[in-house]
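Structure first, commentary second.
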Amino acid sequence: MSAPLLIETIQQLVADALEAARQEGVLQLETMPVIQVERPGKSEHGDFATNLPLRLAKATRINPLELAQLLAAHIPTGDIIDRVEAAPPGFVNFYLKESWLQQQVETVRQAGNSFGNVDAGQGRRMMIEFVSVNPTGPVHVGHTRGAVLGSALANVLEAAGYDVTREYYINDAGTQMQAFYRSVLTRYKEALGREAQMPENGYQGDYIIDLAKEIIESEGSRFLDQDEEQAIKEIGDISREKMVAVIGQDLAGIGVEFDNWFSERDLFEAGEYDTAINILRDNDYLSERDEALWFNSTMLGDEKDNVVVRSSGEPTYFASDIAYHYNKFVSRGFDTVVDIWGADHQGHVPRMKSAVQALGIEPDRLTVLISQMVTLRRGDQVVKASKRTGDFVTLKELAEEVGKDACRFFFLARTPATQMEFDLELAKKESSENPVYYVQYAHARNASILKLARERNIDWSTGDVSLLTDPSELELIRSMLRLPELVTQMAATLEPHHLPHYAMDLANAFHGFYENCRVVSSNEEDNAISAARLKLVESAQIVFRRSLEMMGMSAPERM
RNA sequence: GCGCUUGUAGCUCAGCGGAUAGAGCACUGGCUUGCGGAGCCAGGGGUCGUGGGUUCAAAUCCCGCCAAGCGCACCA
């Protein structure tokens with residue numbers, strides 16, 4: 001069990017004060033209220049504040065300001081809290097002790113790269129499944145948002161103490177894949193001078209032609225005179241494998257990595273598809289109509305029922321997704337599962353939740369995060385994204401044009417619920433003045449100070465942090481200390497988009513400190529303060545590194 | 001038509017019951033001799049889409065309207 005967060009300590013202080021006042025009889029209260037402690041927007045209002053008096057005024061019939069004064073009088077100061085003040089119209093403001101803040105520099109240095117870790121997750125097993133685009137073509141820009149969101153969220157949850165598995169679901173059993181295989185075979189035949197007809201739902205992109213050529217290079221023309229079905233099967237296996245590899249490489253290019261690539265086909269081979277369907281049948285959620293098998297999700301409040309097995313006998317995508325979630329929760333025993341889907345799948349959410357419930361799994365254990373569409377522009381021109389026509393900008397192109405770090409920062413800073421327009425020209429043009437560089441520059445500056453100190457053989461290990469009294473020094477420390485709190489919050493709400501904003505604030509505090517406080521000095525009388533400040537710089541670097549790392553961005557020493 | 005999501009500074013976006021609504025970019029004006037000026041400081045710019053309601057308190061919660069995106073298949 002790690003130490004409680006600072007904000008939790010404050011909450012406890014308020015709770016104790018409330019209890020003390022009640023015992024003294026100065027306060028009548030039926031039930032203990034929920035105590036909200038927040039970070040005030042203005043520094044005059046202290047480091048923490050609670051609005052409890054305002055919320056309690058009615059029940060206690062005491063004037064909120066008087067109530068605030070009463071509470072403030074019951075809160076002890078000590079090593080951490082310098083003073084507690086009541087403020088109109090009814091806040092209690094907490095001010096941290098300078099000596100305590102200074103001491104935190106040592107705490108951060110000792111924590112090192114584990115600074116920012118909390119144990120909210122307590123080792124619970126969590127799966128994040130994201131991207132999961134059909135391996136019928138390369139990943140395009142539209143998928144980037146979910147990819148970046150998922151990878152950053154996974155990092156945050158790991159820092160929050162969850163045992164996280166990042167998974168990519170390969171939809172390799174459906175009709176789309178058949179169309180893809182046939183498209184490759186067609187291009188293969190064409191490349192070898194044969195007449196071939198592209199299937200109606202075939203994929204037109206040039207990458208199919210390249211893929212066919214690659215297959216000719218490694219396999220020759222041996223599929224040409226093979227039985228059609230056999231050729232599709234063999235060429236299909238090769239194509240799928242190559243496509244999955246390309247997708248993996250492209251995603252790795254923007255720092256998105258997976259712990260596991262899960263194949264849809266395995267669900268059928270391992271019999272989990274049958275098991276899941278049988279559970280639904282046993283629980284009376286299935287019925288046959290029009291020669292198809294339906295999942296009666298209206299029984300669970302859905303708008304309409306959904307087909308699980310087509311009249312042709314083929315299972316739908318939904319059916320294998322049910323089996324997949326059975327696999328996640330039951331076979332592999334994940335405590336909670338997060339799916340990240342694009343907005344075009346939002347209609348699928350209620351029935352997926354229903355299906356999970358029908359399998360006998362508490363539906364709250366599944367959270368589906370929807371990331372809204374990204375529409376692409378190049379200047380005035382809207383770029384249409386269709387994999388089938390091959391008219392799209394790939395993730396790889398985007399990464400090459402804009403850069404991995406800027407790309408991640410850009411997508412990460414926005415809440416997934418807002419639809420966004422991405423102007424490629426603008427992104428490229430602005431990349432040199434992108435906020436991402438503001439953060440990285442602060443880190444590089446930080447690193448170069450330490451480098452200089454080492455070059456001059458300065459030993460700062462005995463630095464006395466109590467010399468750090470400049471407002472900008474204390475501001476920087478305060479900013480650093482917000483990280484663990486932020487990690488807790490982001491993990492609870494599954495909202496990593498706060499991270500870039502925090503990093504900006506931290507960078508701002510660092511630049512402010514840099515302007516006001518000379519760190520490395522050639523004056524001998526500055527040696528003591530210099531050593532103290534080097535400790536601060538060192539601890540700030542830890543926090544920069546942790547923040548950038550969670551965002552999946554690089555922390556350059558030089559730019 | 002119904003459902004989900006979104007409308008905050010010129011632009012891109014945070015904030016999602018509390019104390020004078022924030023940041024970056026853009027704009028205006030400052031920062032000379034020392035750790036990286038990709039920086040710092042100051043300033044202008046907002047009836048938080050709109051009309052009601054709830055509350056001591058609403059950008060934030062509820063309802064209507066307007067606008068945008070997505071969905072409403074025996075596609076995935």
Side-chain angles (χ1 to χ4, degrees), chain A residues 36 38 40-42 44-45 49-51 54-55 57-58 63-64 87-91 93 132-134 136 171 174-177 179 201 289-294 303-304 306-321 342-350 370-375 410 413-423 426-427 430 432-442 444-453 455-456 472 497-498 500-502 504-505 507-508 510-523 530 533-534 537 558-559:
Chain A
Q36 296 176 349
E38 58 177 21
K42 309 269 175 224
E44 309 94 89
H45 298 138
T50 182
N51 58 10
L54 284 164
R55 312 173 64 83
K58 206 170 196 174
N63 172 298
F91 292 98
N93 297 334
S132 302
V133 299
N134 290 357
T136 55
N171 284 119
T175 53
Q176 294 298 318
M177 286 308 278
N201 56 351
R289 284 201 298 278
D290 308 325
E291 293 170 28
L293 189 63
W294 295 72
E303 282 176 14
K304 55 184 176 48
N306 301 95
V307 171
V308 155
V309 182
R310 287 182 268 251
S311 49
S312 67
E314 272 181 284
T316 59
Y317 162 85
F318 180 45
S320 44
D321 226 10
D344 53 343
H345 285 60
Q346 60 178 243
H348 189 58
V349 177
I370 295 296
S371 84
Q372 290 294 323
M373 293 288 122
V374 179
T375 52
F410 184 86
R414 283 144 183 80
T415 129
T418 58
Q419 62 247 22
M420 58 189 277
E421 205 167 72
F422 194 120
D423 186 337
L426 197 70
E430 282 190 347
S432 61
E433 54 220 25
N434 200 294
V436 63
Y437 294 103
Y438 183 79
V439 176
Q440 290 182 322
Y441 181 65
R445 236 182 188 177
N446 186 311
S448 85
I449 294 171
L450 294 175
K451 184 167 165 264
L452 179 70
E455 278 166 10
R456 295 199 187 170
S472 66
H497 73 269
H498 297 289
H501 295 102
Y502 168 71
M504 290 283 286
D505 288 345
N508 183 253
F510 184 80
H511 288 309
F513 156 72
Y514 179 88
E515 291 294 325
N516 289 313
C517 303
R518 174 81 199 181
V519 181
V520 179
S521 167
S522 37
N523 282 342
S530 187
R533 284 175 178 163
L534 280 164
V537 172
R558 245 179 302 142
M559 298 176 61

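Chain letters run A, B, ... following the sequence lines, proteins first and then strands; every chain starts at 1.
Across A:P40 and A:A49, no two heavy atoms sit closer than the pair CG-CB, 3.8 Å. A:V307 approaches A:F318 most closely through the heavy-atom pair O-CD2, 4.1 Å. Residue A:V519 comes nearest to A:S530 through the heavy atom pair O-OG, 2.6 Å, listed as atom of the first residue, atom of the second, then distance. Of all non-hydrogen atoms in A:S472 and A:C517, the two that sit nearest each other are OG-SG, 3.6 Å. For A:T136 against A:M177, the heavy-atom pair with the smallest separation is CG2-SD, 3.5 Å. When every heavy atom of A:P89 is checked against every heavy atom of A:P64, the shortest pair comes out as O-CB, 3.4 Å.
Distance from the side chain of A:R445 is smallest for B:rG36 among the nucleotides B:rC40, B:rC35, B:rG36. Taking only side-chain atoms of A:T418, from C-beta outward, the nucleotide of B:rG69, B:rA14, B:rA76 with the closest atom is B:rA14. Residue A:Q419 has its side chain nearest to B:rG69 when only B:rG69, B:rG36, B:rA76 are considered. Picking from B:rG34, B:rA76, B:rC70 the nucleotide with the shortest atom distance to the side chain of A:N523 gives B:rG34. Here the side chain of A:M420 is nearest to one of B:rA38, B:rC40, B:rC13, namely B:rC13. Side chain of A:A417, nearest nucleotide from B:rG36, B:rU5, B:rG34: B:rU5.
Counting only Watson-Crick and G-U wobble pairs whose two key distances fall under 3.5 Å, RNA chain B forms stems of three or more stacked pairs at B:1-7 with B:66-72, B:10-13 with B:22-25, B:27-31 with B:39-43, B:49-53 with B:61-65.
Taking atom C1' in both B:rA14 and B:rA57, one finds a spacing of 23 Å when rounded to whole Å. Comparing B:rG17 with B:rU12, their C1' atoms sit 27 Å apart, to the nearest whole Å. Spacing of C1' atoms, B:rC66 relative to B:rA73, comes out at 31 Å, to the nearest Å. Distance check on atom C1': B:rA68 versus B:rC74 gives 32 Å, rounded to whole Å. Atom P of B:rU60 sits at a distance of 16 Å from the matching atom of B:rG64, rounded to the whole Å. Comparing the same atom, P, in B:rC4 and in B:rG43 gives a spacing of 44 Å after rounding to whole Å. Taking atom C1' in both B:rA21 and B:rG15, one finds a spacing of 8 Å when rounded to whole Å. To the nearest whole angstrom, the two P atoms, one in B:rG71 and one in B:rG45, are 42 Å apart.
At least one side-chain nitrogen or oxygen of A:Y438 sits closer than 4.0 Å to the OP1 or OP2 atom of B:rC40. Regarding contacts with the backbone of B:rC41, every side-chain N or O of A:H511 stays at 4.0 angstrom or more from both OP1 and OP2. Close to B:rA23, at under 4.0 Å from its OP1 or OP2, lies no side-chain N or O of A:Y502.
A:N508 has its CG atom 15 Å from the C1' atom of B:rA38, to the nearest Å. At whole-Å resolution of the value, CG in A:N516 and C1' in B:rG39 are 12 Å apart. A straight line from CD of A:Q440 to P of B:rG36 spans 18 Å, rounded to a whole angstrom. Residue A:E515 contributes atom CD, which lies 12 Å from atom P of B:rG36 at whole-angstrom precision. Per the geometry, CZ belonging to A:F510 stands 14 Å off P belonging to B:rC35, to the nearest Å. Atom CZ in A:R558 sits about 16 Å away from atom C1' in B:rC35, given to the nearest Å. Distance A:H348 NE2 to B:rG3 C1': 16 Å, rounded to the nearest Å. If you take CE of A:M559 and C1' of B:rA38, they are 6 Å apart, rounded to a whole angstrom.
At a threshold of 4.0 angstrom between heavy atoms, the contacts of A:A444 include nucleobase atoms, whether or not backbone atoms are also involved. Heavy atoms of A:K451 sit nowhere under 4.0 angstrom from any nucleic acid atom. A:F318 comes within contact range of no nucleotide atom at all, as no heavy-atom separation falls under 4.0 Å. At a threshold of 4.0 angstrom between heavy atoms, the contacts of A:H498 are confined to the sugar-phosphate backbone, with no base atom among them. Residue contacts shown for A:M504 are limited to sugar-phosphate atoms, with no base heavy atom under 4.0 Å away.
Residues A:P315 and A:S320 form no side-chain contact, since every pair of their non-hydrogen atoms from C-beta on lies 4.5 Å or further apart. Contact of the A:D321 side chain with the A:H348 side chain is registered, since non-hydrogen atoms from C-beta on lie closer than 4.5 Å. Contact annotation: the side chain of A:M373 approaches that of A:D344 to within less than 4.5 Å [non-hydrogen atoms, C-beta and beyond]. Under the 4.5 Å side-chain criterion, counting only non-hydrogen atoms from C-beta, A:R456 is in contact with A:V520. Contact annotation: the side chain of A:T418 never approaches that of A:Q372 to less than 4.5 Å [non-hydrogen atoms, C-beta and beyond].
Using a 3.5 Å distance cut-off with no hydrogens or angles, the side chains of A:N508 and A:Y438 do pair a donor with an acceptor.
Between the CG atom of A:N446 and the OH atom of A:Y514 there is a distance of 11.0 Å, given to the nearest 0.5 Å.
In this structure, A:R414 forms a cation-pi arrangement with A:F410, its terminal cationic atom sitting closer than 6.0 Å to the ring centre and no more than 45° off the ring axis. Taking the ring axis of A:F510 as reference, the NZ or CZ atom of A:R445 does not stay both within 45° of it and closer than 6.0 Å to the ring centre.
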Do any N or O atoms of the protein come closer than 3.5 Å to N or O atoms of nucleotides 72-74 of chain B, and which pairs are they?
{"unit_1": "B:rC74", "atom_1": "O2", "unit_2": "A:S311", "atom_2": "N", "d": "2.7"}
{"unit_1": "B:rC74", "atom_1": "O2", "unit_2": "A:S311", "atom_2": "OG", "d": "3.0"}
{"unit_1": "B:rC74", "atom_1": "N3", "unit_2": "A:S311", "atom_2": "OG", "d": "3.0"}
{"unit_1": "B:rC74", "atom_1": "N4", "unit_2": "A:D290", "atom_2": "O", "d": "2.7"}

- Item | Per-nucleotide protein contact string for nucleotides 17-22 of chain B, where B marks a base within reach and S marks sugar-phosphate only (heavy atoms under 4.0 Å, - for neither) | -BBB-S
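Nucleotides of RNA chain B nearest to A:H345 and A:A507 differ in position, and the one nearer the 5' end is that of A:A507.
For A:S522 and B:rG34, a side-chain-to-base donor-acceptor distance below 3.5 Å is absent, hydrogens and geometry of angles not being considered.
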